[in-house]
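Below is one structure, written out as structure tokens; the observations come after it.
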There are 2 protein chains.
Amino acid sequence: MATNKSQRLTMSDVARHAGVSRTTVSFVLNDKPGAAIPDETRRRILEAIDELGYRPNAGARALAANRSGWFGLITEIVTGPFAGEVITGAQSRAWGDRRFLLIAASEGDPAQEAAALDQMLEHRVEGLLYATTWHRAVTLPKAAREVPTVLVNCYDAEGELPCILPDEVSGGYKATRRLLDAGHTRIGFINLDPAIPAAIGRREGYERALREAGITRDPSLVVPGWATADSAYTAACELLDRPAGDRPTALFCGNDRMAMGAYDAIKERGLRIPHDVAVVGFDNQELIAAYLRPKLTTLALPFEAMGTKGIDMLAALAAGQPLDTHRVTLDCPLLERSSV
Amino acid sequence: MATNKSQRLTMSDVARHAGVSRTTVSFVLNDKPGAAIPDETRRRILEAIDELGYRPNAGARALAANRSGWFGLITEIVTGPFAGEVITGAQSRAWGDRRFLLIAASEGDPAQEAAALDQMLEHRVEGLLYATTWHRAVTLPKAAREVPTVLVNCYDAEGELPCILPDEVSGGYKATRRLLDAGHTRIGFINLDPAIPAAIGRREGYERALREAGITRDPSLVVPGWATADSAYTAACELLDRPAGDRPTALFCGNDRMAMGAYDAIKERGLRIPHDVAVVGFDNQELIAAYLRPKLTTLALPFEAMGTKGIDMLAALAAGQPLDTHRVTLDCPLLERSSV
DNA sequence: GCGCTTTAATAACGCGCGTTACTTCCGTGT
DNA sequence: ACACGGAAGTAACGCGCGTTATTAAAGCGC
């Protein structure tokens with residue numbers, strides 16, 4: 001009963017109950033500037049709303065005002081640690097602004113992606129956030145051009161769309177710098193696939209830090225891996241089995257899973273973390289970093305901040321404002337735990 | 001330019017372009033049964049839609065048809081491994097049915113939860129999915145009564161709302177049974193906080209499996225933990241340091257993080273997994289289970305299936321159909337890897 | 001030729017709301 | 001006395017679409 005009523009309750013019901021016209025109710029609800037509403041009338045109306053339990057119909061409001069209030073968010077995978085953070089960041093900013101997120105996962109399938117985009121356009125999203133799991137170049141369906149779009153953790157090959165990226169270089173620099181500050185001079189770097197932006201940027205940061213510290217470059221300390229614990233285990237074994245004195249006393253790992261593999265290699269050799277070998281990871285995958293023993297010092301990818309910033313940029317674009325920066329890079333904070 | 005046109009494109013434009021009335025276009029778009037539309041006319045209209053790049057306005061359609069097409073999904077935290085799976089499951093089922101998910105995270109804050117619910121009701125959601133991170137009892141805001149609601153991974157104290165829960169008992173049974181089948185008879189159980197439903201159910205399953213196998217119960221093999229790797233490490237040490245012959249040859253851990261701690265205790269003692277001590281986890285947190293060395297055999301909580309089933313139940317409720325079961329329990333599949 | 005059914009298509013209403021333009025009432029100044 | 005300006009409030013239109021009459025044309029039997 002209450003259900004039916006509240007479902008069908010309209011502004012006219014409120015107006016009737018308060019003894020005013022529907023227009024007046026609308027003015028009150030929207031704080032219409034320039035509308036002179038005496039306090040007494042306003043009070044009556046708000047009271048009526050309260051008594052009746054009226055809720056404005058967001059859809060009807062959107063139609064009349066020609067502002068859907070929706071932003072679209074397309075990610076590759078919702079499962080997994082990163083998409084959730086982007087969503088969290090985007091949500092918190094969007095909802096505060098009475099805007100809402102229509103979320104879709106493409107699952108890496110172009111057909112699903114296109115379908116999702118279609119639905120979003122039918123819902124008249126005022127902007128689109130497109131986020132990837134790992135930092136790379138992407139190509140968007142043409143339909144994305146119909147609406148302001150911001151790329152998160154990726155960039156388009158043509159370089160036309162605004163994008164938000166993690167600052168890989170500064171990340172690599174900070175990781176290395178942290179180890180240098182702890183007194184290490186032989187720092188192994190178990191990198192990701194050397195062809196991807198994350199690997200390139202982090203290596204650049206790694207080398208800059210060494211250069212600044214006046215340490216001569218030893219390329220044999222940098223080994224590529226493939227983002228798995230196993231590959232990092234192998235790589236770590238290789239580095240740790242060098243003759244003592246030439247063996248690195250610290251390992252900077254391309255991600256936390258790889259740090260897991262490195263941990264195994266270190267422990268197997270009876271070495272202690274961080275006493276004998278210090279380790280820094282990357283990505284801050286909480287489930288790993290916070291539960292490894294000892295807990296892993298690592299760099300966090302700023303997914304939540306990227307989500308927030310993405311909404312900010314979309315809001316600006318949707319309002320027709322120009323963007324101050326087309327390509328934004330966000331800092332990767334260093335999370336100190338116990339592995340250095 | 002193209003942007004402006006496509007934003008403002010309406011059904012009337014299509015009608016004009018095809019030389020028919022707007023009504024006819026609507027009939028074609030909705031495959032209106034009982035409307036006699038000659039093939040030639042239909043073709044002309046579809047062609048016009050295509051040429052113009054027309055997209056129906058989902059909001060306006062919802063208003064006119066009085067069917068929002070929205071379902072609400074409230075979770076505690078979007079970050080973290082579980083919410084994503086629920087979302088994935090719910091999304092895949094919902095989108096296929098041309099229904100959409102309005103997602104919100106309460107962050108455990110009742111105020112945010114209430115605000116989210118308000119927004120959802122303003123968007124006229126036709127149903128609500130309420131999911132928690134861990135299996136427990138919850139109390140929903142009264143406003144949730146205004147719309148069909150299904151609980152996921154939780155239940156309401158009053159027992160009025162339909163809910164979907166993991167089958168903890170069968171999970172505990174399967175884990176234990178797997179170890180029994182591998183020949184183990186002294187199976188340690190590092191449980192979660194013994195007061196929560198997951199711990200109670202799994203212990204029941206554990207004991208039933210032992211009973212069925214004719215193994216006399218040894219309560220000292222069951223130790224409580226607190227869901228952390230550290231607490232499990234301590235507990236595992238205790239179990240493993242029992243005199244040989246009395247030491248368990250297998251450990252069933254309350255979750256995968258705890259299995260991580262157990263791994264450390266086992267490896268520290270120079271024991272091998274699974275040769276000397278077998279381990280079974282719970283939760284299947286991919287980041288841990290798939291990257292521990294050796295990979296962890298564990299039970300998966302059926303989050304994705306719970307999300308899917310949740311949408312099914314909501315769809316039925318929203319259509320006014322009665323539910324066959326008020327309380328659904330879903331199986332926790334055993335994922336065989338290399339730790340048994 | 002006339003009624004009658006089927007086919008094809010449309011005019012018109014309403015969904016719930018934002019907004020504009022308009023009306024009514026009242027106090028003020030001259 | 002009158003014009004005038006502001007305060008308070010409302011009628012009416014339109015947003016884009018689903019849907020229900022209703023109309024116009026075409027086919028059919030006699």
Side-chain angles (χ1 to χ4, degrees), chain A residues 4-45 48-49 52-70 98 121-126, chain B residues 4-45 48-49 52-70 98 121-126:
Chain A
N4 272 340
K5 294 190 74 169
S6 80
Q7 287 284 22
R8 309 215 140 284
L9 216 49
T10 178
M11 240 170 66
S12 304
D13 296 316
V14 176
R16 200 173 315 119
H17 194 264
V20 296
S21 78
R22 199 181 55 70
T23 306
T24 307
V25 177
S26 174
F27 285 172
V28 168
L29 275 176
N30 296 343
D31 278 328
K32 191 102 218 283
I37 316 268
D39 287 346
E40 158 63 13
T41 306
R42 178 186 309 273
R43 197 193 49 71
R44 274 213 326 276
I45 292 177
I49 289 177
L52 266 49
Y54 165 76
R55 296 178 197 282
N57 181 320
R61 172 181 288 210
L63 181 59
N66 192 27
R67 277 188 69 255
S68 74
W70 292 103
R98 298 201 113 240
L121 291 173
E122 293 196 3
H123 280 279
R124 297 298 186 264
V125 294
E126 300 171 33
Chain B
N4 273 338
K5 294 190 73 169
S6 79
Q7 288 284 20
R8 308 215 141 284
L9 216 50
T10 178
M11 241 170 65
S12 304
D13 296 316
V14 175
R16 200 172 315 120
H17 195 264
V20 297
S21 78
R22 199 182 55 70
T23 306
T24 307
V25 177
S26 175
F27 285 173
V28 168
L29 274 175
N30 297 346
D31 279 328
K32 192 99 217 284
I37 316 269
D39 288 346
E40 158 63 14
T41 307
R42 177 186 309 273
R43 197 193 50 72
R44 274 213 325 277
I45 293 178
I49 290 177
L52 266 47
Y54 165 75
R55 295 178 199 281
N57 181 321
R61 174 182 288 210
L63 181 58
N66 192 27
R67 278 187 69 254
S68 74
W70 291 105
R98 297 201 114 241
L121 292 173
E122 293 196 2
H123 280 280
R124 298 296 187 265
V125 293
E126 299 170 34

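Note on naming: letters A, B, ... go to the chains in the order of the sequence lines (proteins, then strands), and numbering restarts at 1 for each one. Note that the coordinates shown come from a computational prediction; the quantities given were computed from them, not determined experimentally.
The phosphate of D:dT10 has neither OP1 nor OP2 within less than 4.0 Å of any side-chain N or O from A:T23. Close to D:dC17, at under 4.0 Å from its OP1 or OP2, lies no side-chain N or O of B:S26. Taking only side-chain nitrogens and oxygens, B:N30 comes nearer than 4.0 Å to OP1 or OP2 of D:dG18. Applying the 4.0 Å criterion to OP1 and OP2 of C:dC15, one finds that A:T10 has every side-chain N and O outside that range.
In the set D:dT10, C:dG16, D:dC17, C:dG16 carries the atom at the smallest distance from any side-chain atom of A:L63. The B:T24 side chain lies nearest to C:dA9 when the options are D:dG18, D:dC17, C:dA9.
Here the P atom of nucleotide D:dT10 and the CE atom of A:M11 are 12 Å apart, to the nearest Å. One interatomic measurement links the two molecules: CZ of B:R61 to P of D:dC15, which rounds to 19 Å at whole-angstrom precision. Residue A:R22 contributes atom CZ, which lies 10 Å from atom C1' of C:dT19 at whole-angstrom precision. Look at CD1 on A:I37: it is 15 Å from C1' on D:dG6, rounded to the nearest Å. Rounded to whole Å, the distance from CZ on A:R98 to P on C:dG18 is 10 Å. Taking atom CD on A:E40 and atom C1' on D:dA7, their separation rounds to 16 Å, with Å as the unit. Between the CZ atom of A:R67 and the P atom of C:dG18 there is a distance of 12 Å, rounded to whole Å. Taking atom CG of B:D31 as the reference point, atom C1' of D:dG18 lies 14 Å away to the nearest angstrom.
The shortest distance between side-chain heavy atoms of A:R43 and A:V28 does not fall below 4.5 Å.
Taking 4.0 Å as the cut-off between side-chain N and carboxylate O, B:R44 and B:D39 do not count as a salt-bridged pair.
Remark: B:R16 engages B:D13 in a side chain to side chain donor-acceptor pair (under 3.5 Å) (not counting sequence neighbours).
In this structure, B:T41 reaches the sugar-phosphate backbone alone: every heavy-atom distance under 4.0 Å involves primed, P, OP1 or OP2 atoms, never a base.
Of the inter-residue distances, the one linking B:N57 atom CG with A:H123 atom NE2 reads 9.5 Å to the nearest 0.5 angstrom.
Remark: side-chain polar atoms of B:R124 are not paired, donor with acceptor, to backbone N or O of B:S68 under 3.5 angstrom.
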